[in-house]
2 protein chains.
Amino acid sequence: MNIGEAARLSGVSAKMIRHYEAIDLLPPAARRDNSYRDYGKHEIFELRFIRRARKLGFSTSEIGDLLALWRDKGRSSSEVRRIAQAHLQDLEIRIEEMASMAGTLRHLVDACHGDHRPDCPILDDIGRGDE
Amino acid sequence: MNIGEAARLSGVSAKMIRHYEAIDLLPPAARRDNSYRDYGKHEIFELRFIRRARKLGFSTSEIGDLLALWRDKGRSSSEVRRIAQAHLQDLEIRIEEMASMAGTLRHLVDACHGDHRPDCPILDDIGRGDE
DNA sequence: CCTTGACCTTCCAATGATGGGAAGGTCTAG
DNA sequence: CTAGACCTTCCCATCATTGGAAGGTCAAGG
């Protein structure tokens, strides 16, 4: 099948399918005589794998490792678990950072009366700038 | 003072100070005879404002708006509040998305025994790929 | 006076994931 | 035969930040 149908079936845009091939996340696709890329069921499964992994926030480099393990029937699940856990920790750190920002902001927004007057705790806080 | 000292005092790297000037977040700095940028107390305050706003996750474009309001003594605090609240909502959405990823991942990591065997609920889940 | 090292200047490139678009080739239905 | 819906490759933009190259300037010390 053509790249367009592969995109439709996998949920990965044609643009990104080409991109994943360009960065060696996927092996070069087979080509038809007209140089169109040709995909089969197997490739659709790999594309869906990538899409699902992206939705879980894995980077393309991590997905490369996960794909290799997925293909490797002799893998150790500990390898997979290590990658997932590292990513999970990363996520948790980023969530914590953003939650801290959001907490401060919520506080400031609540403190601001938000009317026509210029006094504003939000600007006061940012302008004070002490960390 | 030179850009290096301004960087030290504000916590914004010299590189980024030049960048903020280039994208018109800051007005062109005064120049000495040797074409070195020259900063005073006022600029340090603006740089600290930017640094603090970045730490709260505001984009440079939002910071541009906030800076304009900060400079405008006749501002309405409602304007500031609107910007902050929009950003807060954005943060909350992103946090929610990441928390959802993290929740799924935690579940999967817990379910994976993580030993030498190849069976792995993590790969199973990603490979199933149903949303 | 000259050198050294620490500054400063501008300009260009890369990051990571994704999308937009141009210029051109191919296929299919009418 | 033509229209339009595909496909190809290549370049560019996003966003904030960093790195580096090539070159000018300044202060201290020999």
Side-chain angles (χ1 to χ4, degrees), chain A residues 1-26 28-40 43 46-67 86-87 90-91 94 97-98 101, chain B residues 1-26 28-40 43 47-67 86-87 90-91 93-94 97-98 101:
Chain A
M1 79 190 75
N2 284 346
I3 199 173
E5 200 181 348
R8 243 168 277 127
L9 292 183
S10 66
V12 178
S13 73
K15 214 79 168 158
M16 289 311 295
I17 296 177
R18 294 193 197 98
H19 177 65
Y20 291 145
E21 181 182 326
I23 65 175
D24 290 317
L25 195 52
L26 294 172
R31 299 291 183 128
R32 294 183 174 268
D33 288 347
N34 53 17
S35 83
Y36 285 16
R37 287 177 181 78
D38 192 17
Y39 297 95
E43 285 81 4
E46 296 215 328
L47 286 169
R48 285 201 185 135
F49 183 98
I50 292 175
R51 187 186 60 133
R52 169 71 171 153
R54 286 293 302 131
K55 287 208 175 178
L56 288 176
F58 286 101
S59 68
T60 40
S61 127
E62 287 165 332
I63 294 176
D65 296 341
L66 290 175
L67 262 176
H87 172 50
D90 193 63
L91 268 180
R94 304 214 314 269
E97 288 169 354
M98 297 179 69
M101 293 177 187
Chain B
M1 78 191 74
N2 283 346
I3 199 173
E5 201 181 347
R8 243 168 277 125
L9 292 183
S10 66
V12 179
S13 73
K15 221 63 173 170
M16 289 310 294
I17 296 178
R18 293 193 198 95
H19 177 65
Y20 291 145
E21 181 182 325
I23 65 175
D24 290 316
L25 195 52
L26 295 172
R31 299 292 183 129
R32 296 183 171 266
D33 288 348
N34 53 18
S35 84
Y36 285 16
R37 286 177 182 77
D38 192 18
Y39 297 95
E43 284 82 5
L47 286 169
R48 286 200 185 135
F49 182 98
I50 293 176
R51 188 186 59 133
R52 169 71 172 153
R54 286 294 300 131
K55 287 207 175 178
L56 289 176
F58 286 102
S59 69
T60 40
S61 126
E62 288 165 333
I63 295 176
D65 296 340
L66 290 175
L67 262 176
H87 172 49
D90 193 64
L91 268 180
I93 288 170
R94 304 215 314 269
E97 288 170 354
M98 298 178 69
M101 294 177 187

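Residue numbers begin at 1 in each chain, while the letters A, B, ... track the order of the sequences.
In this structure, the side chain of Glu5(A) does not engage the main chain of Asn2(A) through any donor-acceptor pair within 3.5 Å.
Contact annotation for Tyr20(A): backbone-only contact, meaning every heavy-atom pair under 4.0 Å involves sugar-phosphate atoms and none involves a base. Counting any heavy atom pair closer than 4.0 Å across all strands shown, Arg18(A) reaches a base atom. Across all strands shown, Ser59(A) has heavy atoms under 4.0 Å from sugar-phosphate atoms exclusively, and none from any base. Using a 4.0 Å heavy-atom cutoff across all strands shown, Arg32(B) reaches no nucleic acid atom at all.
To the nearest angstrom, P of dA16(D) lies 14 Å from CG of Asp24(B). Across the protein-nucleic acid pair, Leu25(A) atom CG and dA17(C) atom C1' stand 12 Å apart, rounded to whole Å. As a whole-Å value, the separation of Leu47(A) CG from dA17(C) P is 16 Å. To the nearest angstrom, P of dA5(D) lies 22 Å from CE of Met1(A). When the P atom of dA17(C) is taken as reference, atom CD1 of Ile17(A) falls 17 Å away, rounded to whole Å. One atom, CG of Leu26(A), and another, P of dA17(C), lie 14 Å apart when rounded to the nearest Å. Atoms CG (Asn2(B)) and P (dT25(D)) sit 14 Å apart, rounded to a whole Å. Distance, Arg51(A) CZ to dA17(C) C1': 16 Å, rounded to whole Å.
If you check dT10(C), dG25(C), dT17(D) against the side chain of Tyr36(A), the one that comes closest is dG25(C). When distances run from any side-chain atom of Thr60(A) to the nucleotides dT9(C), dA17(C), dT18(D), the shortest one goes to dA17(C). Side-chain atoms of Arg31(B) lie closest to dT10(C) of the nucleotides dT10(C), dA16(D), dA17(C).
Contact check, Ser13(B) against dT18(D): a side-chain N or O comes under 4.0 Å of OP1 or OP2. Look at Arg37(B) and you'll find a side-chain N or O under 4.0 angstrom from OP1 or OP2 of dT9(C). Under 4.0 angstrom from either OP1 or OP2 of dC8(C) there lies no side-chain N or O belonging to Asn34(B).
Shown here for Leu67(A) and Leu25(A), the closest heavy-atom pair between the two residues is CD1-O, 3.7 Å. When all heavy atoms of Ile3(B) and Arg18(B) are compared, the pair lying nearest together is CD1-CG, 3.6 Å.
Nearest-nucleotide positions on DNA chain D for Phe58(B) and Glu5(A) put Glu5(A) closer to the 5' end. Place Ser61(B) and Lys15(B) on DNA chain D by their nearest nucleotides, and Ser61(B) ends up nearer the 5' end. Both Ser35(A) and Met16(A) lie close to DNA chain C; mapped to their nearest nucleotides by heavy-atom distance, the more 5′-ward contact belongs to Met16(A).
Between Tyr20(A) and Val12(A) the shortest side-chain heavy-atom distance falls below 4.5 Å. Within the 4.5 Å cutoff, the side chain of Ile17(B) has no heavy atoms near those of the Glu21(B) side chain.
Distance check, rounded to the nearest 0.5 Å: CZ of Arg54(B) to CE of Met101(A) gives 8.0 Å.
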